[in-house]
2 protein chains.
Amino acid sequence: MESKKHNNTATMKDVANAAGVSTATVSRTLMNPEKVSLQTRQKVEQAVLDVGYYPHNLARSYKRNESKTILAIVPDISDPFFSDVICGIEEVAAHEGYFVLIGDCKHQQKQENAFINLIITKQIDGMVLLGSNLPFDVSTEEQKNLPPIVMANEFAPELKLPTVHIDNLTAAFNATHYLLKQGHKRIACIAGPEEMPHSQYRLEGYKKAMLRTGEGLKESYIVRGDFSHESGAEALKTLLSLPEPPTAVFCHTDIMAFGAMWQAKKMVLKIPDDISFVGFDNLEQAKYTLPALTTINHPRREIGRHAMLLLLEQLHGNSVTAGSRLLDSDLIVRESTKAPKC
Amino acid sequence: MESKKHNNTATMKDVANAAGVSTATVSRTLMNPEKVSLQTRQKVEQAVLDVGYYPHNLARSYKRNESKTILAIVPDISDPFFSDVICGIEEVAAHEGYFVLIGDCKHQQKQENAFINLIITKQIDGMVLLGSNLPFDVSTEEQKNLPPIVMANEFAPELKLPTVHIDNLTAAFNATHYLLKQGHKRIACIAGPEEMPHSQYRLEGYKKAMLRTGEGLKESYIVRGDFSHESGAEALKTLLSLPEPPTAVFCHTDIMAFGAMWQAKKMVLKIPDDISFVGFDNLEQAKYTLPALTTINHPRREIGRHAMLLLLEQLHGNSVTAGSRLLDSDLIVRESTKAPKC
DNA sequence: TTGTATGCGTTATCAA
DNA sequence: TTGATAACGCATACAA
């Protein structure tokens with residue numbers, strides 16, 4: 001009585017009894033209806049309804065060695081950026097009858113085992129990685145045979161995984177180029193952490209654009225942030241204390257741009273008259289800053305969708321090559337940018 | 001060969017062979033180590049490592065009729081509000097060895113069946129509801145025996161579920177009362193949709209506070225929004241066109257407050273000199289508006305944690321009474337509020 | 001077209 | 001303390 005759960009679900013045997021056939025026939029009716037006579041099929045289908053039968057997915061998964069569940073490994077769910085990507089994943093997963101399990105990596109200690117366990121025991125059929133590395137030893141990767149994996153947004157070429165993301169370099173180039181076209185010469189860059197591939201490419205793009213001008217590159221115009229609001233504000237302070245402060249700032253994320261703009265306004269600078277800002281991500285809020293932020297659109301939802309599509313491709317048995325799938329990302333011009341005063 | 005998956009995982013039998021014992025002993029060593037002699041235990045543990053054995057959780061779940069997985073049903077993952085709650089859920093779930101499956105309700109058509117299937121087939125051990133209603137017929141609720149369910153944030157008394165949320169009425173009362181204390185008399189309220197319980201209670205709180213003053217309540221000061229930025233901005237326009245525009249506005253969500261403040265600034269009003277604003281939720285960004293928003297702190301993460309704790313309680317076999325668990329929510333005073341000019 | 005029998009990997013019951 | 005064995009619910013190879 002004790003460990004007995006509330007469990008009176010109808011099983012296949014019940015259906016078989018009700019329909020007066022064998023369980024094999026029931027199973028067949030459910031799996032390959034065409035292999036059973038119309039007559040019995042109807043009998044079985046009626047019986048299914050009568051007894052209120054639902055297939056026991058756990059048993060089914062176990063038997064068929066697939067769970068119809070995929071794992072999304074995400075660095076931080078509460079980051080709206082990631083939750084948008086997950087949203088896209090969820091969307092196509094649900095459409096194809098897959099469930100998505102969320103694995104948050106913030107508390108990394110014991111998670112590692114949990115994840116690998118999940119994989120080895122076939123509790124998941126595949127996974128999509130939102131962060132830039134696997135949550136377990138790559139060495140074990142070869143030992144155990146992993147299920148299909150795709151990366152969404154982040155990329156790590158050394159893992160040789162199918163990856164969907166945007167062309168960060170080009171996007172950053174375009175953003176910077178836009179400022180140059182407007183006549184800005186002193187353009188600064190509030191960059192992300194050095195170790196993040198995204199930051200590297202965005203910085204490359206910025207540099208490439210700057211080097212094409214006569215002005216060239218000024219190292220002091222490159223300040224690192226950590227993607228946070230605060231770091232954006234701090235970075236701007238640093239930039240404004242320069243002997244020749246910039247007239248425009250390209251920020252590697254909208255959040256840092258928000259921080260920087262906030263700081264600028266606190267220092268009673270007029271945006272965009274005194275200083276222009278370009279962000280990166282096109283977060284919801286970018287429309288609602290004052291002035292509205294010019295930024296790079298980052299198709300987060302689409303990234304999630306494509307990644308899941310790529311995963312499904314493999315789940316359906318088709319092979320998929322490693323490497324990048326690039327999604328478009330346009331510059332969205334709003335009111336935070338303007339030609340410099342002089 | 002065809003349906004053969006990449007599958008060379010070690011099973012319990014392999015361990016048994018390697019250790020020279022029976023599978024029963026292996027199982028016992030894993031489940032109840034104390035019931036096996038030290039000698040054999042060591043043998044088995046060594047064998048486990050040697051053959052690289054990991055328990056097949058699918059089989060285990062199937063046999064034990066529990067999946068160590070819970071389902072979080074959420075109206076919209078990409079809403080930062082919900083993702084914070086999920087974060088809390090995830091946190092304690094992971095700590096207790098549970099996985100969390102995400103069910104987004106946006107595409108409701110087929111989801112209903114998917115969810116109920118998940119439940120009936122015991123693929124999940126319990127669920128936490130972030131929205132205000134079950135994603136399937138409540139009538140079927142009684143037919144099928146549902147696993148434990150708890151509600152997080154939203155509440156629906158008719159479902160008779162354990163629920164964790166904040167005391168919206170008191171919080172709204174406090175917010176309004178704070179404005180009154182500052183000397184405001186013309187205090188408006190930008191409310192949420194009528195059908196949302198949250199909005200109802202928040203409106204009650206506002207009314208209660210207003211009725212305690214000599215001023216009383218003015219229906220024209222209550223404007224409905226839909227929680228969106230736009231609706232906040234629109235609402236403010238409406239309020240400012242009144243013959244006696246308010247000197248302070250209590251908004252049912254930060255987002256609407258952002259919209260309203262944005263609109264106010266566009267109309268060249270000074271905040272808080274010309275008009276004060278109080279929000280509700282304490283979103284990350286509330287710190288970074290100009291001026292920073294005075295708002296009610298909504299312990300989203302904590303709500304998730306408590307809800308999961310409550311669920312675990314039931315999962316562990318302890319019964320839990322239906323009804324509300326109230327979490328604290330304080331008013332956080334920042335710079336968007338000030339005594340009225342006259 | 002249908003039924004019988006077997007096995008998936010584990011846990012639990014019963015004897016030994 | 002340990003081992004044989006049945007059972008969980010389903011899918012399939014094989015026989016009828």
Side-chain angles (χ1 to χ4, degrees), chain A residues 1-45 47-48 51-68 117 120-123, chain B residues 1-5 7-45 47-48 51-68 117-118 120-123:
Chain A
M1 209 61 185
E2 183 186 343
S3 80
K4 180 82 180 174
K5 305 248 170 168
H6 39 177
N7 205 1
N8 49 9
T9 324
T11 113
M12 245 179 59
K13 197 184 285 183
D14 299 323
V15 180
N17 287 340
V21 298
S22 73
T23 59
T25 303
V26 177
S27 177
R28 240 175 267 125
T29 311
L30 266 35
M31 302 296 294
N32 317 76
E34 74 281 3
K35 298 194 126 190
V36 77
S37 75
L38 181 62
Q39 212 181 19
T40 41
R41 192 197 312 176
Q42 288 173 336
K43 262 195 305 182
V44 171
E45 278 161 356
V48 163
V51 305
Y53 170 79
Y54 287 85
H56 190 306
N57 278 333
L58 230 48
R60 179 179 278 184
S61 295
Y62 165 54
K63 172 72 181 165
R64 307 190 30 195
N65 204 27
E66 67 172 18
S67 58
K68 285 282 184 182
N117 210 341
I120 292 176
T121 62
K122 309 279 176 179
Q123 254 176 113
Chain B
M1 209 59 184
E2 182 185 342
S3 81
K4 180 81 179 171
K5 305 247 169 162
N7 204 2
N8 48 9
T9 324
T11 116
M12 244 179 59
K13 197 184 283 184
D14 298 323
V15 180
N17 288 340
V21 297
S22 73
T23 58
T25 302
V26 176
S27 176
R28 236 175 273 126
T29 310
L30 266 35
M31 301 296 293
N32 316 77
E34 74 280 4
K35 297 193 127 192
V36 78
S37 75
L38 181 63
Q39 213 181 17
T40 40
R41 192 196 314 174
Q42 288 173 337
K43 262 195 306 185
V44 171
E45 278 161 357
V48 164
V51 304
Y53 169 80
Y54 286 85
H56 190 308
N57 278 334
L58 231 47
R60 178 179 281 183
S61 295
Y62 164 54
K63 174 69 183 170
R64 306 191 33 194
N65 202 27
E66 65 172 19
S67 58
K68 285 281 182 181
N117 210 342
L118 220 39
I120 293 175
T121 62
K122 308 281 174 176
Q123 252 177 116

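Letters go in sequence order (proteins before strands), and every chain restarts at 1. Remember, it's a predicted structure, so these values are computed and weren't measured experimentally.
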J.: How many Å lie between CZ on B/R64 and P on C/dT10, as a whole number?
T.: 12 Å
J.: Counting only non-hydrogen atoms, which of residues 29-44 of chain B are less than 4.0 Å from DNA chain D?
T.: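 Contacting residues: B/V36, B/S37, B/T40.
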J.: Taking only side-chain nitrogens and oxygens of A/T11, does any of them come within less than 4.0 Å of OP1 or OP2 of D/dC10?
T.: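 A/T11 to D/dC10 OP1/OP2: side-chain N or O found under 4.0 Å.
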J.: Without decimals, in angstroms, what is the distance between B/L58 CG and D/dA11 P?
T.: 13 Å
J.: For B/K13 versus B/T23, what's the shortest heavy-atom pair and its separation?
T.: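 Closest pair (atom of B/K13, atom of B/T23, distance): CA-CG2, 3.9 Å.
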J.: Which pair of heavy atoms, one from A/L58 and one from B/Q123, lies closest together, and at what distance?
T.: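 So the two residues come closest at CD1-CG, 3.4 Å.
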J.: Applying side chain to side chain contact (heavy atoms under 4.5 Å, CB included) to B/T25 and B/V36, what does each step give before you reach the verdict?
T.: CA-CA 8 Å; B/T25 302; B/V36 78; 4.0 Å; yes
J.: Would one find more than 12 heavy atoms of other residues, nucleotides or ligands at under 6.0 Å from atom CD of B/Q39?
T.: no
J.: Take the protein atom CE of B/M12 and the nucleotide atom C1' of D/dT5, then report the distance between them rounded to whole Å.
T.: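 Those two atoms, CE and C1', are 13 Å apart.
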J.: Check whether any side-chain heavy atom of A/M31 lies under 4.5 Å from a side-chain heavy atom of A/R60, and answer yes or no.
T.: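 Touching, per the 4.5 Å side-chain cut-off.
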J.: So, for B/A10 and B/G52, which heavy atoms are closest and what is the spacing to 0.1 Å?
T.: CB-O, 4.0 Å
J.: Provide, to the nearest angstrom, the distance between the NE2 atom belonging to A/H56 and the C1' atom belonging to D/dA11.
T.: 15 Å
J.: D/dG9 C1' sits how many Å from A/N57 CG, rounded?
T.: 11 Å
J.: Tell me the interatomic distance from B/Q123, atom CD, to D/dC10, atom C1', rounded to whole angstroms.
T.: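 Rounding to the nearest Å, CD of B/Q123 and C1' of D/dC10 are 14 Å apart.
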J.: Pick the closest DNA chain C nucleotide for B/V26 and for A/R28 by heavy atoms, then say which residue is nearer the 5' end.
T.: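 Going by which nucleotide is closer to the 5' end, it is A/R28.
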J.: With a 3.5 Å distance limit and no angle check, can you tell me whether A/N17 reaches the backbone of A/D14 through a side-chain donor-acceptor pair?
T.: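 Answer holds: no.
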J.: If you look at every heavy atom in A/A47 and A/A19, which pair is closest and at what distance?
T.: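 Smallest interatomic distance, heavy atoms only, reads CB-CB, 3.7 Å.
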J.: Using the C1' atoms of five pairs at each end, what's the angle between the two axes of the helix from C/dT1-D/dA16 to C/dA16-D/dT1, to 10 degrees?
T.: 40°
J.: On the side chain of B/K63, is there an atom forming a donor-acceptor pair with the base of D/dA7 - under 3.5 Å, no angle test?
T.: yes
J.: Which pair of heavy atoms, one from A/V15 and one from A/V44, lies closest together, and at what distance?
T.: CG1-O, 4.1 Å
J.: I want to check one thing: is the phosphate of D/dT2, taken as OP1 and OP2, less than 4.0 Å away from some side-chain N or O of B/T25?
T.: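 For B/T25, the contact criterion (side-chain N or O under 4.0 Å from OP1 or OP2 of D/dT2) is not met.
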J.: Could you tell me the separation between the CG atom of A/N17 and the C1' atom of D/dG9, rounded to a whole number of Å?
T.: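 Taking CG of A/N17 and C1' of D/dG9, I get 14 Å after rounding.
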J.: For B/A24 and B/Y62, find the nucleotide of DNA chain C closest to each by heavy atoms; which residue's nucleotide sits nearer the 5' end?
T.: B/Y62
J.: Could you state the CZ-C1' distance from B/R60 to C/dT11, rounded to the nearest angstrom?
T.: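 Atom-to-atom, B/R60 to C/dT11, this comes out as 9 Å.
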J.: Nearest nucleotide by nearest heavy atom, which residue falls closer to the 5' end of DNA chain D, B/S22 or A/S27?
T.: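 Per heavy-atom nearest nucleotide, the more 5' residue is B/S22.
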